[in-house]
**Student:** 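Here it is, the structure, as structure tokens.
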Amino acid sequence: MSQTHRAVAIDGPAASGKSTVAKRLAESLGLVMVNSGAMYRAVTWQVLQEGIDPKNTAAVLEAMSRMRIDCDVKNSLSTISINDRLLTTEIRSAGVNEHVSKVASIPEVRDSLVTMQRDYLGEYDVVMEGRDIGSVVFPDTPFKLYISASEEVRAARRAKEGETDAVAKRDAEDSKRKASPLKVAEGSIVIDSSDLTIEDTVDAAREALIKLGWED
Ligand code: DC
């Protein structure tokens, strides 16, 4: 890990509220917010665009080898482009929700994207959210949070956002996979957001970071 830049790692299951917390923390602490899930989603979107079966690992890797993936920052938020197309709302589609866990279970896909995730730290102080940020991407950072929420609460949040997303199925796949499964990284402080408002969850996250030694 870079000696000069700091990383806050936020992991947790789908729709646990970690993106919102990461965004708020980034704003208040002056960090760049990196959404690592967007990278897995972008690769999945491109695979589907090319009509490739996400279960065909060899075909996914062949397609990925042809993708020009650019990770950048705009307004303190990570961005991702593939072959010069900036990807935003399209990577939240039902098709991507359905297939992203499969693509994210491929070790070679993860290796490439983890390298790009770590590269952010060469340039920025970051708060990065995902599934393996505290366990694999930045295992040495002392600033690790794990945000959870009950299955019912998470399904309701997604439905409210108007997304078709079988969060329980996706979490099961993300937790059971061999390569970097979703888990509570050693040293993380766990925050259950089921009964908390966004404000309360952000406050709890800030307090947790201070407990972990964060200094402004
Ligand atoms: O955070 P999200 O729900 O947008 O992530 C989409 C998928 O990407 C998620 O189901 C699993 C995968 N993912 C991952 O495997 N590792 C990460 N660090 C982030 C996301």
Side-chain angles (χ1 to χ4, degrees), residues 7-23 25-26 32-48 54-55 57 60 64 69 71 77-80 82 87-121 126-139 141 144-149 151 153-185 188 193:
V8 174
I10 304 188
D11 292 301
S16 62
K18 60 190 188 305
S19 303
T20 311
V21 171
K23 238 177 246 158
L25 282 181
V32 164
M33 190 279 211
V34 181
N35 177 342
S36 68
M39 300 183 188
Y40 294 95
R41 287 174 176 276
V43 170
T44 305
W45 180 84
Q46 182 65 28
V47 161
L48 295 174
K55 293 194 199 76
T57 299
V60 169
M64 198 177 173
I69 304 175
C71 297
L77 298 174
S78 61
T79 63
I80 180 148
I82 293 191
L87 297 170
T88 59
T89 50
E90 54 273 69
I91 61 173
R92 318 280 328 169
S93 68
V96 171
N97 284 344
E98 190 183 338
H99 296 291
V100 64
S101 291
K102 183 70 212 156
V103 172
S105 72
I106 303 172
E108 293 88 343
V109 169
R110 305 198 68 81
D111 287 347
S112 300
L113 297 184
V114 165
T115 300
M116 294 179 203
Q117 289 155 15
R118 289 183 180 143
D119 282 349
Y120 274 104
L121 209 64
V126 302
V127 49
M128 188 174 293
E129 54 109 346
R131 304 295 187 288
D132 61 340
I133 310 305
S135 57
V136 174
V137 182
F138 300 129
T141 184
K144 298 183 192 182
L145 306 178
Y146 186 94
I147 305 203
S148 67
E151 206 173 295
V153 167
R154 293 186 292 108
R157 284 179 187 161
R158 271 294 190 267
K160 210 167 148 196
E161 287 161 4
E163 270 193 41
T164 307
D165 189 2
V167 288
K169 180 171 170 275
R170 205 143 64 78
D171 290 337
E173 287 172 15
D174 294 341
S175 307
K176 277 191 306 203
R177 69 175 180 231
K178 278 209 194 84
S180 313
L182 166 66
K183 63 173 179 192
V184 180
S188 300
S193 75

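FYI, side chains are in, hydrogens and waters are out, and symmetry mates aren't considered; it's all heavy atoms of this structure. Throughout, numbering of the chain's residues begins at 1 and tracks the sequence. We count ligands from 1, going down the list as the structure has it; atoms in each ligand are counted the same way.
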**Student:** When you look for heavy atoms under 4.0 Å from ligand 1, do you find them on the side chain of Lys169, its backbone, both, or neither?
**Tutor:**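 No part of Lys169 comes within reach of ligand 1.
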**Student:** Are the charged groups of Asp171 and Arg154 less than 4.0 angstrom apart, N to O?
**Tutor:**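 Yes, this pair counts.
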**Student:** Just need the protein heavy atom nearest to atom 20 (C) of ligand 1, so name the residue and atom and give the distance.
**Tutor:**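 Of every protein heavy atom, Gly37 CA, 3.5 Å lies nearest to atom 20 (C) of ligand 1.
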**Student:** Can Ile10 and Val127 be said to form a side chain to side chain contact (heavy atoms under 4.5 Å, CB included), step by step?
**Tutor:** CA-CA 7 Å; Ile10 304 188; Val127 49; 3.7 Å; yes
**Student:** Rounded at 0.5 Å granularity, tell me how far NZ in Lys18 sits from CD1 in Ile133.
**Tutor:**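 The distance works out to 9.5 Å.
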**Student:** Counting neighbours of CD on Glu151 that are heavy atoms of other residues, nucleotides or ligands and sit closer than 6.0 Å, is the number greater than 12?
**Tutor:**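 No - once you tally the heavy atoms of other residues, nucleotides and ligands closer than 6.0 Å, there are 12 at most.
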**Student:** Consider side chain to side chain contact (heavy atoms under 4.5 Å, CB included). Of Lys176, Arg177, Lys169, which one does Glu173 pass it with?
**Tutor:**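 Considering Lys176, Arg177, Lys169, a side chain to side chain contact (heavy atoms under 4.5 Å, CB included) with Glu173 is found only for Lys169.
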**Student:** For Ser101, counting its heavy atoms only, list the atoms of ligand 1 lying under 4.0 Å from any of them.
**Tutor:**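 Within the 4.0 Å cut-off of Ser101, ligand 1 contributes 10 (O).
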**Student:** Does Arg110, backbone or side chain, put an N or O under 3.5 Å from an N or O of ligand 1?
**Tutor:**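 It does: an N or O of Arg110 is found under 3.5 Å from an N or O of ligand 1.
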**Student:** Considering the options Asn97, Val103, Leu87, Ile80, which one meets the side chain to side chain contact (heavy atoms under 4.5 Å, CB included) requirement together with Arg41?
**Tutor:**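 Answer after filtering Asn97, Val103, Leu87, Ile80: Asn97.
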**Student:** Quick check on Glu173 - does any of its heavy atoms sit under 4.0 Å from an atom of ligand 1?
**Tutor:**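 No, that is not the case, since the closest heavy atom of the residue is not under 4.0 Å from the ligand.
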**Student:** Give the residue, atom name and distance (to 0.1 Å) of the protein heavy atom nearest atom 11 (C) of ligand 1.
**Tutor:**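 Of every protein heavy atom, Asp174 OD2, 3.2 Å lies nearest to atom 11 (C) of ligand 1.
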**Student:** Could you tell me the residue and atom name of the protein heavy atom closest to atom 12 (C) of ligand 1, and the distance to it rounded to 0.1 Å?
**Tutor:**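 The closest one turns out to be Ala104 CB, 3.7 Å.
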**Student:** Let's go through Arg131 and Asp174 carefully: what are the C-alpha distance in whole Å and the side-chain angles of both, what is the deciding distance for salt bridge (Lys or Arg N to Asp or Glu O under 4.0 Å) to 0.1 Å, and is it a yes or a no?
**Tutor:** CA-CA 8 Å; Arg131 304 295 187 288; Asp174 294 341; 3.7 Å; yes
**Student:** Return yes or no for this condition: an N or O of Asp132 is under 3.5 Å from an N or O of ligand 1.
**Tutor:**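 Yes; at least one N/O pair falls below 3.5 Å.
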**Student:** Can you pull out the closest protein heavy atom to atom 2 (P) of ligand 1? Residue, atom name and distance to 0.1 Å, please.
**Tutor:**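 For atom 2 (P) of ligand 1, the nearest protein heavy atom is Arg131 NH2, 3.6 Å.
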**Student:** Just heavy atoms, cut-off under 4.0 Å: does Arg41 contact ligand 1 by side chain, backbone, both, or neither?
**Tutor:**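 Looking at Arg41 and ligand 1, just side chain atoms fall under 4.0 Å.
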**Student:** What residue and heavy atom of the protein are closest to atom 6 (C) of ligand 1, and at what distance?
**Tutor:**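 For atom 6 (C) of ligand 1, the nearest protein heavy atom comes out as Arg170 NH1, 3.4 Å.
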**Student:** Check whether any side-chain N or O of Lys144 sits under 3.5 Å from a backbone N or O of Pro139 as a donor-acceptor pair, and report yes or no.
**Tutor:**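 Yes: the side chain of Lys144 pairs with the backbone of Pro139.
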**Student:** Please list, chain by chain and in numerical order, all residues satisfying side chain to side chain donor-acceptor pair (under 3.5 Å) with Arg110, sequence neighbours excluded.
**Tutor:**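 If we apply the side chain to side chain donor-acceptor pair (under 3.5 Å) test to Arg110, skipping adjacent residues, the hits are Tyr40, Asp132.
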**Student:** Among all protein heavy atoms, pick out the one at the shortest distance from atom 19 (C) of ligand 1; state its residue, atom name and that distance to 0.1 Å.
**Tutor:**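 Looking at atom 19 (C) of ligand 1, the protein heavy atom closest to it is Ser36 OG, 3.3 Å.
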**Student:** Would you check whether Tyr40 has a nitrogen or oxygen atom less than 3.5 angstrom from a nitrogen or oxygen atom of ligand 1?
**Tutor:**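 Between Tyr40 and ligand 1 (N or O atoms, distance only) the closest approach is not under 3.5 Å.
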